[in-house]
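See below for the structure under consideration.
Values below: all heavy atoms of this structure, side chains included; hydrogens, waters and symmetry mates excluded. In what follows, chains carry the letters A, B, and so on, assigned in the order in which the sequence lines appear, proteins first and then strands, with residues in each chain numbered from 1. Quick caveat: nothing in here was measured; it's all calculated off a predicted structure.
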Number of protein chains: 2
Amino acid sequence: MKDIKQKLIKLFKQGYSTPQIARIAKKIKEPSTTIHYNIKKLEKDGAIKAYNAVFDYDKIGIGYCTFVLIRLSPDEYGNPERLSKELSKHDEIESIDIITGDWEMILKVRTKDKDEYFNFMKNVISRKGVTKITTLTSLKQVKTEFVNL
Amino acid sequence: MKDIKQKLIKLFKQGYSTPQIARIAKKIKEPSTTIHYNIKKLEKDGAIKAYNAVFDYDKIGIGYCTFVLIRLSPDEYGNPERLSKELSKHDEIESIDIITGDWEMILKVRTKDKDEYFNFMKNVISRKGVTKITTLTSLKQVKTEFVNL
DNA sequence: TAAATAATTGAATATTATTCAACTTTATGT
DNA sequence: ACATAAAGTTGAATAATATTCAATTATTTA
């Protein structure tokens with residue numbers, strides 16, 4: 001056994017998929033060359049960033065999902081991009097947004113369980129510049145990445 | 001002009017992509033038939049729900065992104081799934097999670113601009129059973145769907 | 001430890017993406 | 001309004017890729 005599964009999951013999170021031109025052509029009843037041309041244009045214009053897989057996250061062992069609200073200290077407040085760039089390297093983080101209001105940043109984080117999340121919070125999120133953290137834990141994921149579960 | 005672009009975007013949100021077996025095979029140095037077998041297994045097991053595109057949402061005209069926190073009334077509190085199922089039909093909603101804590105539900109919503117979001121909030125989210133709504137507006141999206149922007 | 005099941009793989013085939021050149025439509029400048 | 005350029009559409013030919021199949025190896029189960 002070569003444990004190809006985990007390697008596939010890692011690749012499919014980043015991309016490694018591609019449009020099904022023939023199927024789309026049939027669906028919207030246009031020649032496949034026309035579909036091809038239009039897709040390449042979207043890619044060239046940067047409108048499409050990647051093609052990737054949407055998972056049943058329970059089944060790939062990262063079923064513990066949280067939203068993390070972060071408040072920054074006054075000195076970090078003016079430069080939230082520094083921290084967000086830093087955080088973006090971590091595979092556990094599905095999304096990072098800099099937001100308005102009482103909080104400066106919201107993360108969507110996926111880990112195996114609460115213990116793994118706790119470690120992640122202590123080691124990655126908590127750092128100087130971060131004043132307060134609130135975690136909203138998902139009890140049930142109804143829809144993700146525009147896909148109903 | 002046939003405005004194929006919008007049709008493609010709609011299809012790519014749902015799926016209509018497929019793994020690049022040959023590229024993966026080269027990348028992890030295994031025969032393509034082995035990769036094929038392992039991918040089909042993931043699909044059969046339900047671990048992979050779909051293959052879809054990740055967009056630069058500004059460039060496809062839905063650059064206004066919000067997180068919506070929803071509190072339910074005592075009578076709806078015990079059955080958050082009813083409302084979430086109802087909401088999941090709407091294309092503007094990227095994700096729906098039922099959560100712990102002060103709020104019962106969190107949505108990630110993508111619209112063209114604040115006006116379109118305001119209409120969406122009034123017509124779709126606000127309804128009996130929803131006691132309170134707080135909107136966190138994204139000022140900058142650093143990472144989405146595991147992809148750095 | 002034998003039998004059954006799951007996983008790996010190369011060769012053959014089927015399907016699909018891509019290229020190209022011709023043509024049509026739309027946009028641009030004077 | 002008209003000529004010209006640029007963008008978009010398309011069928012035919014080719015290149016690349018996925019899929020099937022049967023044989024082999026590894027792993028699990030009784």
Self-check item: Over-ring placement of A:R110 relative to A:Y64, 6.0 Å and 45° cut-offs
Solution: no

From CZ of A:R23 across to P of D:dA18 the rounded distance in Å is 16 Å

When rounded to whole Å, the CD1 to C1' distance for the pair B:I21 and D:dT20 reads 12 Å

Practice problem: Considering only NZ, NE, NH1 and NH2 on the basic side and carboxylate oxygens on the acidic side, decide whether A:D3 and A:K7 come within less than 4.0 Å. | Solution: no

In whole angstroms, the gap separating C1' of C:dT5 from NZ of B:K44 amounts to 12 Å

Do NZ/NE/NH1/NH2 and the carboxylate oxygens of A:E104 and A:R71 come within less than 4.0 Å? no

Checklist entry - Is B:E94 salt-bridged to A:K143, going by a charged N under 4.0 Å from an acidic O? => result no

- [ ] Could you tell me how the ring of B:Y57 sits relative to the ring of B:F55: parallel (under 30°), tilted (30 to 60°) or perpendicular (over 60°)?
- [x] perpendicular

Centroid separation under 6.0 Å, is that true for the rings of B:Y51 and B:Y16? no

When rounded to whole Å, the NZ to P distance for the pair A:K7 and C:dA7 reads 16 Å

Separation of D:dA7 atom P from B:K5 atom NZ, nearest Å, is 14 Å

Taken to the nearest whole Å, CG/A:D3 to C1'/C:dA6 is 15 Å

A:I4 atom CD1 is separated from C:dT8 atom C1', nearest whole Å, by 8 Å

Contact check, residues 31-41 of chain A vs DNA chain D, heavy-atom distance under 4.0 Å, returns A:P31, A:T33, A:T34, A:Y37, A:N38, A:K41

Rounded to whole Å, the NZ-C1' distance (A:K29 to D:dT9) equals 19 Å

